[in-house]
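Each ligand, and each atom within it, is numbered from 1 in the order the structure gives.
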Amino acid sequence: MLQIMYISSASNCAPIDVAQILTVSRRNNARDGITGLLYADGRRFLQVLEGPAEAVERAFVRIGSDPRHRAVVTLSRRAIEAREFGEWAMAHRMPGGDSDALMEQIAERLEAASPNIRATFEGFAKIRRAA
Ligand SMILES: Cc1cc2nc3c(=O)[nH]c(=O)nc-3n(C[C@H](O)[C@H](O)[C@H](O)COP(=O)(O)O)c2cc1C
């Protein structure tokens, strides 16, 4: 299985309807065996996709060309033996609540990542805290 984590910024064009993104994502992901998590604070996204490699690659190409967000930066792309972020067709997190635990879980996964990637993620986490 393949796991991809990325961050991106919401486009400025119009307010983003996260509920609509989630509805479509859950339908497609359930069909394709993809699970994961979408963190959205209205300005930025952080998503984890897990599942069969080909399906995850295909979804990521689709997501990457979606004009509702830009500046998509891949934090991590790795082969996994088992799903690490649960069985949700696409869990949703917003700032507050358990999002600190999520950021920690992601930071742990990035321990082996390059300094560049770690800095990108830390920048994201900092902006999130200031929000
Ligand atoms: C931040 C973000 C996350 C998304 N996550 C997913 C996802 O996990 N799965 C998915 O199928 N589409 C996701 N989408 C939507 C895709 O970009 C695309 O609109 C959708 O897959 C098209 O589905 P359709 O061909 O069934 O209409 C996401 C879009 C955005 C902006």
For [atom], which protein heavy atom lies nearest, and how many Å away is it?
atom	result
atom 26 (O) of ligand 1	R27 NH2, 2.8 Å
atom 31 (C) of ligand 1	I21 CD1, 3.7 Å
atom 7 (C) of ligand 1	S25 OG, 3.2 Å
atom 5 (N) of ligand 1	Q47 NE2, 3.0 Å
atom 10 (C) of ligand 1	R62 NH2, 3.5 Å

Discussion item. Assigning hydrophobic clusters by single linkage (Ile, Leu, Val, Met, Phe, Trp, Tyr; side-chain heavy-atom cutoff under 4.5 Å), is I117 placed with V72?
Written reply: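 No.
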Fill in: Same apolar cluster: I34 and V18, side chain cutoff 4.5 Å
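As far as the 4.5 Å side-chain criterion goes, V18 and I34 are connected within one cluster.
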Fill in: Option of least heavy-atom distance to atom 17 (O) of ligand 1 (set: V24, D66, L38)
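The option holding the nearest heavy atom is D66.
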Practice prompt. Closest by any non-hydrogen atom to atom 9 (N) of ligand 1: pick that one out of L49, N28, N29.
Written response: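 Answer by nearest heavy atom: N29.
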Worksheet item: Do the side chain of S11 and the main chain of P67 share a donor and acceptor less than 3.5 angstrom apart?
Response: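 Present.
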Practice prompt. Using a cut-off of 6.0 Å, state whether more than 12 heavy atoms not belonging to D17 lie near its atom CG.
Written response: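 Correct, the count exceeds 12.
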Worksheet item: For the residue pair A10 and R70, what are the closest heavy atoms and their distance?
Response: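 Between these two residues, the closest heavy atoms are O-NE, 3.9 Å.
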Worksheet item: Closest heavy-atom contact between F85 and Q3?
Response: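 Shortest heavy-atom contact: CE1-NE2, 3.5 Å.
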Worksheet item: To the nearest 0.5 Å, how far apart are CG in L46 and CG in D41?
Response: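 With rounding to 0.5 Å, CG (L46) is 10.0 Å from CG (D41).
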Practice prompt. Any chance you could measure D32, atom CG, to R58, atom CZ, to the nearest 0.5 Å?
Written response: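 The distance works out to 6.0 Å.
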Give the atom numbers and elements of ligand 1 that come within less than 4.0 Å of a heavy atom of [X].
X	result
Y6	1 (C), 2 (C), 3 (C)
H69	1 (C)
M90	8 (O)

Worksheet entry | Sub-4.0 Å protein heavy atom next to atom 14 (N) of ligand 1 |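 It does: a protein heavy atom is found less than 4.0 Å away from atom 14 (N) of ligand 1.
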Fill in: Short N or O distance, R68 and ligand 1, threshold 3.5 Å exclusive
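Yes - when backbone and side-chain N and O of R68 are compared with those of ligand 1, one distance drops under 3.5 Å.
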